[in-house]
Asker: 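The structure is given below, and queries will be raised subsequently.
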Number of protein chains: 2
Amino acid sequence: MLTVAAPGRRAAPGPKETEIAFLLAQLGAFAAGQFGERAAEAGFTPPEAGLLRLISRAPGQSQQQIAAQLGARPSRLVALVDGLEQRGLLERRRNTEDRRNYALHLTDAGRDAMTVLGQAAAAHEAAIAAPLSPAERRQLSGLLARLAAGHGLRPGIHPGYRHLPGPDGPGPGPGRD
Amino acid sequence: MLTVAAPGRRAAPGPKETEIAFLLAQLGAFAAGQFGERAAEAGFTPPEAGLLRLISRAPGQSQQQIAAQLGARPSRLVALVDGLEQRGLLERRRNTEDRRNYALHLTDAGRDAMTVLGQAAAAHEAAIAAPLSPAERRQLSGLLARLAAGHGLRPGIHPGYRHLPGPDGPGPGPGRD
DNA sequence: TAAAAATAATTACAATCTAGAATGATTGTC
DNA sequence: GACAATCATTCTAGATTGTAATTATTTTTA
């Protein structure tokens, strides 16, 4: 592709048309990092927090189903579930009808953890949105939601960028512009 | 948003207060992934594209200076610069005054590459902003810029989240909410 | 019903990547 | 001139991930 003819580029007239995409990537990385810190304070990694939340929202799913929603490989979930199960936060329940898979459920302790993570998420949201007025927040929230919907991103699902065809993964590296 | 059954919450009254932070992370990951695909088509990884752009913007900097701006370890730049230098896109010039460091400059081929990457970035921007009207784009761009400024993010720099104190890096994994 | 294919979870292995500490060359300071 | 500091580089250990192989169970096929 690389369509865009755009031969004429001026010297450096300040902010360019290339703005929204970069700002989204920049702020997204920042927000994810900040949340990572809060999650760490609560004793969880972001993947763990995401997994707990997904099970909380829809209990009883198999690991395959969850892996599909997360865009992760099923084998990646094994260690994740192991760790949280050993900490007594969730449990694998045998499915009596199909004993190949497990149904994942939160324990009481897991629900308590979700409460803590929920508070952390609320504090995180408040901190991120802090520079904006309530009216601006509503405005921004609406625009972002429309943008996400327009690109087919599902409301509750955070698709870590995965399996790109390119010669190198995207990685959180130096980034783009 | 980690809803947490908190006391007063109704069934499922749609979008919650915890919105902006998650949408930013979600859209940011999406935008970064999309850009990664375009960069790959042009023959570059996102880190490479970011490095080229930084040198293009401010030629003659040392690797340490660039590493500081990118939030990367200096040792990480070595391989990156090596690869681009072997492809003839940039060159290490000896600093006659201080022969410890190199001054990084683009070659003509490097500038051509920047043109291609600039077109890719423009196409990317257009694709990301596509769902919004011109007026909405201006609105969103302004809100995001204010948000970024409010959090001390510098205009052209993309701070990949780095060295978190927590037990586990954030990583692009299953994500949060 | 027996055999073969498919599916879920797991394990094993290889490839990649990164952080961090050493190394060598050069410069600045006292 | 000796010592500390700086820049680029190399090296090594550790972590992370993707792919393929393994085991148990179910479904399909002959």
Side-chain angles (χ1 to χ4, degrees), chain A residues 33 36 40 45-48 50-51 55 60-86 90-105 159-175, chain B residues 33 36 40 45-48 50-51 55 60-86 90-105 159-175:
Chain A
T45 65
E48 287 171 342
L51 176 58
I55 298 176
Q61 292 187 108
S62 71
Q63 297 181 192
Q64 294 267 351
Q65 291 173 312
I66 288 180
Q69 291 185 50
L70 259 43
R73 314 269 177 282
S75 62
R76 197 162 178 270
L77 277 186
V78 177
L80 211 53
V81 173
D82 281 351
L84 293 174
E85 189 178 35
Q86 286 167 13
L90 60 82
E91 57 183 358
R92 293 173 162 102
R93 290 190 195 161
R94 273 270 168 228
N95 184 337
T96 55
E97 295 186 349
D98 186 341
R99 288 185 302 181
R100 285 174 300 185
N101 59 27
Y102 294 102
L104 299 181
H105 291 270
Y161 23 103
R162 49 189 175 277
H163 56 68
L164 297 209
D168 187 333
Chain B
T45 67
E48 287 171 341
L51 175 58
I55 298 175
Q61 294 187 109
S62 71
Q63 297 181 191
Q64 294 266 350
Q65 291 173 314
I66 289 180
Q69 290 185 49
L70 258 43
R73 316 269 175 282
S75 62
R76 197 162 179 273
L77 276 187
V78 177
L80 211 53
V81 172
D82 280 351
L84 293 174
E85 188 177 36
Q86 286 168 12
L90 60 83
E91 56 183 358
R92 292 173 163 101
R93 290 189 196 161
R94 272 274 168 223
N95 185 339
T96 55
E97 294 186 349
D98 186 342
R99 286 185 304 183
R100 285 173 300 184
N101 59 28
Y102 295 102
L104 299 181
H105 291 270
Y161 22 100
R162 48 189 176 279
H163 56 70
L164 295 210
D168 187 332

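Just so we're on the same page: letters track the sequence lines, and every chain starts at 1.
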Asker: If I take atom CG in residue Asn101(A) and atom P in nucleotide dA24(D), what distance separates them, rounded to the nearest angstrom?
Answerer: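 The answer, rounded to whole Å, is 17 Å.
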
Asker: If I take atom CZ in residue Arg94(B) and atom P in nucleotide dA25(C), what distance separates them, rounded to the nearest angstrom?
Answerer: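 From Arg94(B) CZ to dA25(C) P: 12 Å.
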
Asker: Could you give the CD-to-C1' distance, from Gln65(A) to dT7(C), as a whole number of Å?
Answerer: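 Rounded to the whole Å, the gap is 12 Å.
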
Asker: Would you mind reading off the distance between Glu85(A) atom CD and dA9(C) atom C1', rounded to a whole angstrom?
Answerer: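 Distance, rounded to whole Å: 12 Å.
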
Asker: With a 4.0 Å cutoff (strictly under), does any side-chain N or O of Arg92(B) reach OP1 or OP2 of dT9(D)?
Answerer: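 For dT9(D), OP1 or OP2 has a side-chain N or O of Arg92(B) closer than 4.0 Å.
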
Asker: Between Arg93(A) and Gly60(A), is there a donor-acceptor pair closer than 3.5 Å when you use the side chain of the first and the backbone of the second?
Answerer: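 Not confirmed, Arg93(A) side chain does not pair with Gly60(A) backbone.
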
Asker: Select one nucleotide: of dT26(C), dC7(D), dG20(C), the one nearest the side-chain heavy atoms of Gln64(B).
Answerer: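 Nearest nucleotide to the side chain: dC7(D).
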
Asker: Picking from dT6(D), dA19(C), dT25(D), which would you name as closest to the side chain of Arg100(B)?
Answerer: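 When the side chain of Arg100(B) is considered, dT6(D) is the closest of dT6(D), dA19(C), dT25(D).
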
Asker: Quick one, Leu80(A) and Glu48(A) - any side-chain contact, counting heavy atoms below 4.5 Å?
Answerer: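 Heavy-atom side-chain distance check passes, below 4.5 Å.
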
Asker: Without decimals, in angstroms, what is the distance between Leu80(A) CG and dT10(C) C1'?
Answerer: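 These atoms are roughly 15 Å apart.
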
Asker: Name the closest nucleotide to the Arg76(A) side chain, picking from dT27(C), dT17(D), dA8(D).
Answerer: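 That would be dT17(D).
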
Asker: Tell me, do Leu104(A) and Arg92(A) make a side-chain contact under 4.5 Å, heavy atoms counted?
Answerer: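 Contact flag for Leu104(A)/Arg92(A) side chains = yes.
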
Asker: Could you check which of dA8(D), dT19(D), dT7(C) has an atom nearest any side-chain atom of Tyr102(B)?
Answerer: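 Nearest nucleotide to the side chain: dA8(D).
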
Asker: Can you see if the side chain of Arg99(B) gets near the phosphate of dA25(C) - specifically, an N or O under 4.0 Å from OP1 or OP2?
Answerer: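 Checking Arg99(B) against dA25(C): no side-chain N or O falls below 4.0 Å of OP1 or OP2.
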
Asker: Atom CG in Asn95(A), atom CG in Asp98(A): separation rounded to 0.5 Å?
Answerer: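 If we round to the nearest 0.5 Å, Asn95(A):CG and Asp98(A):CG are 6.0 Å apart.
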
Asker: For the residue pair Asn101(B) and Gln64(B), establish whether any side-chain heavy-atom pair is separated by less than 4.5 Å.
Answerer: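 With C-beta onward as the side chain, the pair stays apart.
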
Asker: Which part of the nucleic acid, if any, lies within reach of Ser62(B) when heavy atoms closer than 4.0 Å are counted: base, sugar-phosphate only, or nothing?
Answerer: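 The residue Ser62(B) makes sugar-phosphate contact but no base contact.
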
Asker: In whole Å, what is the span from the CG atom of Asp82(B) to the P atom of dC11(D)?
Answerer: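 These atoms are roughly 13 Å apart.
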
Asker: With respect to the side chain of Ser75(B), which nucleotide from dT26(C), dT26(D), dT9(D) is positioned closest?
Answerer: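 It is dT9(D).
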
Asker: What integer distance in Å separates Arg73(B):CZ from dA22(C):P?
Answerer: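 Rounding to the nearest Å, CZ of Arg73(B) and P of dA22(C) are 17 Å apart.
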
Asker: What's the CG-P distance between Asp98(B) and dA5(D), to the nearest Å?
Answerer: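 It works out to 17 Å between those atoms.
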
Asker: Between dT9(D) and Gln63(B), is there an OP1 or OP2 to side-chain N/O distance shorter than 4.0 Å?
Answerer: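 For dT9(D), OP1 or OP2 has a side-chain N or O of Gln63(B) closer than 4.0 Å.
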
